[in-house]
Number of protein chains: 2
Amino acid sequence: MSKPNMTAGAEPRRAQDKAPPAAPQRSEGEGLESKPLYRQVRETLIRRMVDGVWAPGEPLPSEIQLAAELGVSQGTVRKALDEMAAENIVVRRQGRGTFVARHDEERILFQFFKLVGDDGERHFPESRVLGIEKARGTAAECAALALPRNGRVLRIRRLRTFDGAPLIIETLTLPDQMFPGLADAPVPNNLYGLYAQRYGITVSRAREQLKAVGADADTAAMLQVAPGAPVLLVDRLAFSLDGTPVEWRVSSCLTSSFHYLSDLT
Amino acid sequence: MSKPNMTAGAEPRRAQDKAPPAAPQRSEGEGLESKPLYRQVRETLIRRMVDGVWAPGEPLPSEIQLAAELGVSQGTVRKALDEMAAENIVVRRQGRGTFVARHDEERILFQFFKLVGDDGERHFPESRVLGIEKARGTAAECAALALPRNGRVLRIRRLRTFDGAPLIIETLTLPDQMFPGLADAPVPNNLYGLYAQRYGITVSRAREQLKAVGADADTAAMLQVAPGAPVLLVDRLAFSLDGTPVEWRVSSCLTSSFHYLSDLT
DNA sequence: TAGTGGTCTAGACCACGAC
DNA sequence: TCGTGGTCTAGACCACTAC
């Protein structure tokens with residue numbers, strides 16, 4: 001047996017005691033290539049977040065409680081939580097506890113909104129929705145969002161301004177099925193907060209592809225620049241906690257007094 | 001005393017046994033706000049790398065040896081090394097050891113060169129140096145590189161191509177004093193490798209600011225596009241292991257068949 | 001077989017926050 | 001005062017690499 005002390009102090013765990021996303025288990029003799037215990041713990045905790053056991057902003061049980069419940073040592077739970085803290089999906093506060101990360105404005109500003117004023121200040125732009133439509137996705141949209149061919153999507157087009165001046169014009173594409181009723185209510189500026197609160201979908205990671213392009217006629221008009229003016233095109237695909245693509249966003253940004261900040265570490 | 005077991009198994013360490021970058025010490029009763037031990041270990045190890053005790057590619061002593069030498073536990077050394085591995089300044093290989101990270105082409109390609117072909121392939125462009133000059137830095141250059149006013153700098157201008165087609169035209173500014181004789185030898189494609197091997201300066205981190213701009217006449221000519229064509233302007237400031245700015249690089253990139261890839265995690 | 005990093009445990013004390 | 005996460009230690013066993 002690869003985990004000799006398991007039955008020592010506490011009674012042995014039965015995986016079925018809890019929810020289907022069960023307690024982690026060592027593979028004992030099975031042919032499976034077993035992941036480290038702390039990664040199994042991590043996945044158990046993430047699964048619970050996906051399932052809504054703990055909502056954003058809520059505290060997780062303490063390390064000691066989690067360790068007892070899952071039948072592992074506190075150190076193993078700690079390693080899992082430390083890794084999750086490094087991924088920004090959990091926030092740890094000494095003396096208080098460990099909390100599911102929220103998509104508040106601060107997090108958006110530092111993790112997901114890379115456009116910074118040339119003065120170095122991080123501003124959050126206002127935004128105005130220009131239109132919402134439901135449609136069958138194009139081939140590109142369905143491919144990006146891992147939907148079946150001609151799957152239903154939701155498209156949102158909005159203009160984002162700073163100090164009244166146009167800064168970004170963008171089109172977002174979402175899987176329609178994942179966000180029922182989204183088109184029927186006003187769309188807030190902080191969309192990721194809405195995804196989390198209303199739909200229990202947490203955006204944890206995104207991939208952005210940038211190009212410099214000349215503004216087409218429509219884009220130029222919306223941004224109040226001449227057609228062909230240089231524009232930063234940002235193509236973002238956002239993923240939820242379990243790795244599902246959740247949103248495809250193509251933004252045309254003016255960079256005359258803002259820049260895209262990227263830290264290479 | 002805050003570290004009771006220090007004299008247990010091994011003989012107590014004397015900081016002066018080794019080099020001036022001494023072993024970490026707990027502050028015992030002093031008014032100093034002491035950093036955690038594992039961070040002191042980390043800084044000791046980084047200092048040794050900066051001082052050239054271990055060159056890139058070379059193995060560090062084993063965790064056990066470092067722990068004994070520094071008078072801390074193996075777990076503390078491990079935490080320091082794990083953090084350094086996460087920062088890409090060290091590479092750990094099970095069964096072999098821990099090595100100072102090298103600036104080989106692979107690292108450049110994944111950590112510092114964010115331009116990726118639209119097909120998803122990571123290509124490393126060829127490069128041709130157009131000119132090298134020594135001069136007194138402009139106000140902007142001296143400010144960026146933390147040099148005194150009118151400090152001496154080295155400027156390198158080069159054209160980077162892929163499959164023979166122009167891709168990037170860039171100007172690099174370096175503190176002249178930091179790289180003596182650099183202008184007198186041919187400049188390799190992989191500059192960070194040269195900084196490390198010849199000058200013992202390791203670039204560990206960089207900050208990039210991106211804008212979309214219209215190509216000016218000179219840039220357009222070099223990149224073989226029309227003046228005013230949209231170009232991705234990448235302004236990079238690179239820092240060495242100890243946080244000193246080492247290189248300022250302004251690149252104008254064509255993004256018709258390449259894009260800048262940014263992972264938001 | 002010996003040595004390395006990787007995982008896991010157990011237990012101690014500290015710093016911080018809430019009460 | 002108590003409970004939390006943060007640090008540090010000590011020691012066990014495993015997986016991989018080299019010889």
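This is a predicted model, so every value here is computed, not measured. A note on names: the letters A, B, ... follow the listed sequences, proteins ahead of strands, and every chain is numbered from 1.
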(message) Test of understanding: with salt bridge (Lys or Arg N to Asp or Glu O under 4.0 Å), list the residues that count as partners of B:Arg198, not counting sequence neighbours.
(response) none
Distance-only criterion, 3.5 Å: show the donor-acceptor pairs between side-chain atoms of residues 87-99 of chain A and protein atoms not counting sequence neighbours.
{"unit_1": "A:Glu87", "atom_1": "OE1", "unit_2": "A:Arg42", "atom_2": "NE", "d": "3.0"}
{"unit_1": "A:Glu87", "atom_1": "OE1", "unit_2": "A:Arg42", "atom_2": "NH2", "d": "3.1"}
{"unit_1": "A:Glu87", "atom_1": "OE2", "unit_2": "A:Arg42", "atom_2": "NH2", "d": "2.8"}
{"unit_1": "A:Asn88", "atom_1": "ND2", "unit_2": "B:Thr265", "atom_2": "O", "d": "3.4"}
{"unit_1": "A:Arg92", "atom_1": "NE", "unit_2": "A:Thr98", "atom_2": "OG1", "d": "3.4"}
{"unit_1": "A:Arg92", "atom_1": "NH1", "unit_2": "A:Asp82", "atom_2": "OD1", "d": "2.6"}
{"unit_1": "A:Arg92", "atom_1": "NH2", "unit_2": "A:Glu63", "atom_2": "OE2", "d": "2.2"}

(request) Examine D:dT7: is either OP1 or OP2 under 4.0 Å from a nitrogen or oxygen in the side chain of B:Tyr38? Give yes or no. (result) yes
(request) Using whole Å, report how far CG of A:Leu81 lies from C1' of D:dG5. (result) 10 Å
(message) Judged by each residue's nearest nucleotide on DNA chain C, which is more toward the 5′ side, B:Leu60 or A:Gly75?
(response) B:Leu60
(request) Measure from the side chain of A:Gln65, starting at C-beta and using heavy atoms only, and say which of C:dG5, D:dT4, D:dT9 lies closest. (result) D:dT4
(message) For D:dT4 and A:Ser62 - does any side-chain N or O of the residue sit under 4.0 Å from the phosphate oxygens OP1/OP2?
(response) yes
(request) Please state whether the phosphate of D:dT9, meaning OP1 or OP2, lies under 4.0 angstrom from any side-chain nitrogen or oxygen of B:Thr76. (result) yes
(message) Closest approach to the side chain of B:Glu63, judged atom by atom: which nucleotide of C:dA10, D:dT7, C:dG5 is it?
(response) C:dG5
(message) Rounded to whole Å, please give me the gap between CG in B:Leu37 and C1' in C:dC13.
(response) 13 Å
(request) Please check if the side chain of A:Gln111 supplies one atom and the backbone of B:Leu264 the other of a donor-acceptor pair under 3.5 Å. (result) no
(message) Test: salt bridge (charged side-chain N to carboxylate O under 4.0 Å, His left out). Region: residues 107-126 of chain B. Which pairs qualify, not counting sequence neighbours?
(response) A:Lys211-B:Asp118
(message) Rounding to an integer number of Å, can you tell me how far B:Ile64 CD1 sits from C:dG5 C1'?
(response) 10 Å
(message) Rounded to whole Å, how long is the line connecting atom CZ of A:Arg78 with atom C1' of D:dG3?
(response) 13 Å
(message) If I take atom CD in residue B:Gln74 and atom P in nucleotide C:dT9, what distance separates them, rounded to the nearest angstrom?
(response) 17 Å
(request) In whole angstrom, give the distance that lies between atom CG of B:Leu66 and atom C1' of C:dG3. (result) 15 Å
(request) Quickly work out the B:Lys35 NZ to C:dC14 C1' distance and round it to whole Å. (result) 19 Å
(request) Would you mind reading off the distance between B:Leu70 atom CG and D:dT7 atom C1', rounded to a whole angstrom? (result) 17 Å
(message) Can you see if the side chain of A:Lys79 gets near the phosphate of C:dT7 - specifically, an N or O under 4.0 Å from OP1 or OP2?
(response) yes
(request) Take A:Val77 and A:Val72 through the test side chain to side chain contact (heavy atoms under 4.5 Å, CB included) and record every step on the way to the result. (result) CA-CA 7 Å; A:Val77 171; A:Val72 301; 3.6 Å; yes
(message) Restricting to non-hydrogen atoms, name the atom on A:Ala101 and the atom on A:Pro56 that form the minimum distance, rounded to 0.1 Å.
(response) O-CB, 3.6 Å
(message) I need the residues from residues 88-96 of chain A with at least one non-hydrogen atom less than 4.0 Å from DNA chain C; give them sorted by number, or say none.
(response) A:Gln94, A:Gly95, A:Arg96
(message) Let me test you: for the helix from C:dT1-D:dA18 to C:dA18-D:dT1, what is the angle between the axes at its two ends (five pairs each), rounded to 10 degrees?
(response) 10°
(request) Name the orientation class of the two ring planes belonging to A:Tyr195 and A:Phe179 (parallel below 30°, tilted from 30 to 60°, perpendicular beyond 60°). (result) tilted
(request) Please evaluate the base of D:dT7 for a donor-acceptor partner in the side chain of B:Arg39 within a cut-off of under 3.5 Å? (result) no
(message) If the condition is side-chain hydrogen bond (donor to acceptor under 3.5 Å, both in side chains), which residues does A:Trp248 pass it with, not counting sequence neighbours?
(response) A:Asp235
(message) Quick one about A:Ser262 and B:Glu208 (side-chain donor to acceptor, distance below 3.5 Å, no hydrogens or angles considered), yes or no?
(response) no
(message) Exactly one of A:His103, A:Arg102, A:Glu247 should register a side-chain hydrogen bond (donor to acceptor under 3.5 Å, both in side chains) with A:Tyr192. Which one does?
(response) A:Glu247
